[in-house]
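Take a look at the structure set out below.
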Amino acid sequence: PQAALPEALALLAEHHWEKKIEGLNFIRCLSAYHAPILTAKLHETTLAVAQEVKNLRSGVSRAAVVCLGDLFTHLKKSMDQELDNAVKVLLHKAGESNTFIREEVDKALKAMVNNVTPARALCSLINGGQSHLHSAVRRCTAQHLGDLVERLGPERVLAGAKPLAERLLPAIASFAQDSSQQTRYYGRKMLFSLMAHPDLDKSLEKFVPAKDL
């Protein structure tokens, strides 16, 4: 396994697409069975994989999306530091016309929401997709943010030690007024799940701009 990581990174640097896929599969195996080896060079590895998500060849791009999902699943909170870039490239792919890639993006983001530190996931989703020009990307962002809000529960969002409300509520307000019906649905759904908390009105007034209120 020690030799497999440098080899995988070398394969990713090749120009031949089959070699790239082989490298991505090496990294997936390492994440499942030899996580500590990956953790030692996590930044370099995640950057290399995220780069392949942008590959114009759909086979490579899809393999890279699946690989990121595996990194979230197996390395869990070790991936916190790598979220911003990884989530951004995944969300960008949500605007693809290729259904298979979109499905894999959804699975990878689900794995991210379920395994990393929720507050980090929340910021990365908002940074990566809230004001994206593509409506499919905003819908995807709102959907996974909704899953995260459900996972955290109103108490942790509005009254936790470090209030997430400051980042989250303005984002929810903008999703609830989005031009896309599906995105508005997820925005409303998040508001609905927070309505059970007595401090919601107070927090909305505090964090949401008056024109959105």
* To do: Identify the two heavy atoms, one from Leu91 and one from Cys140, that lie closest to each other, and give their separation to 0.1 Å.
  => CD2-SG, 4.0 Å

* Asked: For atom NE2 of His132, is the number of surrounding heavy atoms from other residues, nucleotides or ligands below 6.0 Å larger than 12?
  -> yes

* To do: Please report the shortest heavy-atom distance between Ser203 and Leu169, naming the atom on each side.
  => CB-CD1, 3.6 Å

* To do: Please say whether more than 12 non-hydrogen atoms of neighbouring residues, nucleotides or ligands are located less than 6.0 Å from OH in Tyr185.
  => no

* Would Arg167 and Asn127 satisfy side-chain hydrogen bond (donor to acceptor under 3.5 Å, both in side chains), going step by step from the backbone distance to the final call? -> CA-CA 10 Å; Arg167 287 302 311 272; Asn127 294 342; 2.7 Å; yes

* **Modelled atom types, side-chain donor and acceptor of Glu155 and His197, under 3.5 Å** => yes

* Before giving the answer on side-chain hydrogen bond (donor to acceptor under 3.5 Å, both in side chains), spell out for Ser174 and Gln130 the whole-Å C-alpha distance, their side-chain angles and the decisive distance to 0.1 Å. => CA-CA 8 Å; Ser174 99; Gln130 180 194 337; 3.3 Å; yes

* To do: Report, as yes or no, whether the 6.0 Å neighbourhood of atom CD on Glu166 holds more than 12 heavy atoms from other residues, nucleotides or ligands.
  => no

* **Close side-chain approach of Leu68 and Thr46, heavy atoms under 4.5 Å** => yes

* Sole residue of Ile27, Ile37, Leu75, Leu30 in side chain to side chain contact (heavy atoms under 4.5 Å, CB included) with Thr45 -> Ile27

* **Closest contact, heavy atoms only, Ala86 versus Phe72** => CB-CZ, 4.1 Å

* **Glu18 side chain near Ile21 side chain, heavy-atom distance below 4.5 Å** => no

* Structure fact -> Sequence neighbours excluded, the answer for side-chain hydrogen bond (donor to acceptor under 3.5 Å, both in side chains) partners of Ser97 is none

* Asked: What are the two closest heavy atoms between Arg156 and Pro118, and how far apart are they?
  -> NH2-CG, 4.0 Å

* Test side-chain hydrogen bond (donor to acceptor under 3.5 Å, both in side chains) applied to Lys76 - qualifying residues, sequence neighbours left out -> Asn115

* To do: May I ask you to check whether over 12 heavy atoms, not counting those of Leu213, lie within 6.0 Å of atom CG?
  => yes

* Kindly give the heavy-atom pair with the smallest separation between Leu158 and Ala165, and that separation in Å. => CD2-CB, 4.0 Å

* For the pair Lys19 and Glu22, evaluate salt bridge (Lys or Arg N to Asp or Glu O under 4.0 Å) and give the outcome as yes or no after the intermediate values. => CA-CA 5 Å; Lys19 297 254 193 265; Glu22 194 182 336; 5.3 Å; no

* State whether Glu96 and Lys93 are salt-bridged, where the test is any N-O pair (Lys NZ or Arg NE/NH1/NH2 against Asp/Glu carboxylate O) under 4.0 Å. => yes

* To do: Apply the test side-chain hydrogen bond (donor to acceptor under 3.5 Å, both in side chains) to residues Ser31 and Asp70: give CA-CA distance (whole Å), side-chain angles for both, the deciding distance (0.1 Å), then the verdict.
  => CA-CA 7 Å; Ser31 74; Asp70 277 6; 4.8 Å; no

* Measuring from Met79:CE to Leu71:CG, what's the distance to the nearest 0.5 Å? -> 4.5 Å

* **Exercise: identify the closest heavy-atom pair between Arg151 and Val113** => NH1-O, 2.6 Å

* To do: Could you check Ser124 against Asp84 for side-chain hydrogen bond (donor to acceptor under 3.5 Å, both in side chains), going step by step and ending with a plain yes or no?
  => CA-CA 5 Å; Ser124 297; Asp84 277 351; 2.7 Å; yes

* Are Met112 and Leu109 side-chain neighbours, meaning at least one heavy-atom pair lies under 4.5 Å? -> yes

* Apart from Leu11 itself, what residues make up its hydrophobic cluster when side-chain heavy atoms of I, L, V, M, F, W and Y under 4.5 Å apart count as a link, directly or indirectly? -> Phe26

* Asked: Using 4.0 Å as the upper bound for N to carboxylate O, is an ion pair formed by Arg138 and Asp178?
  -> yes

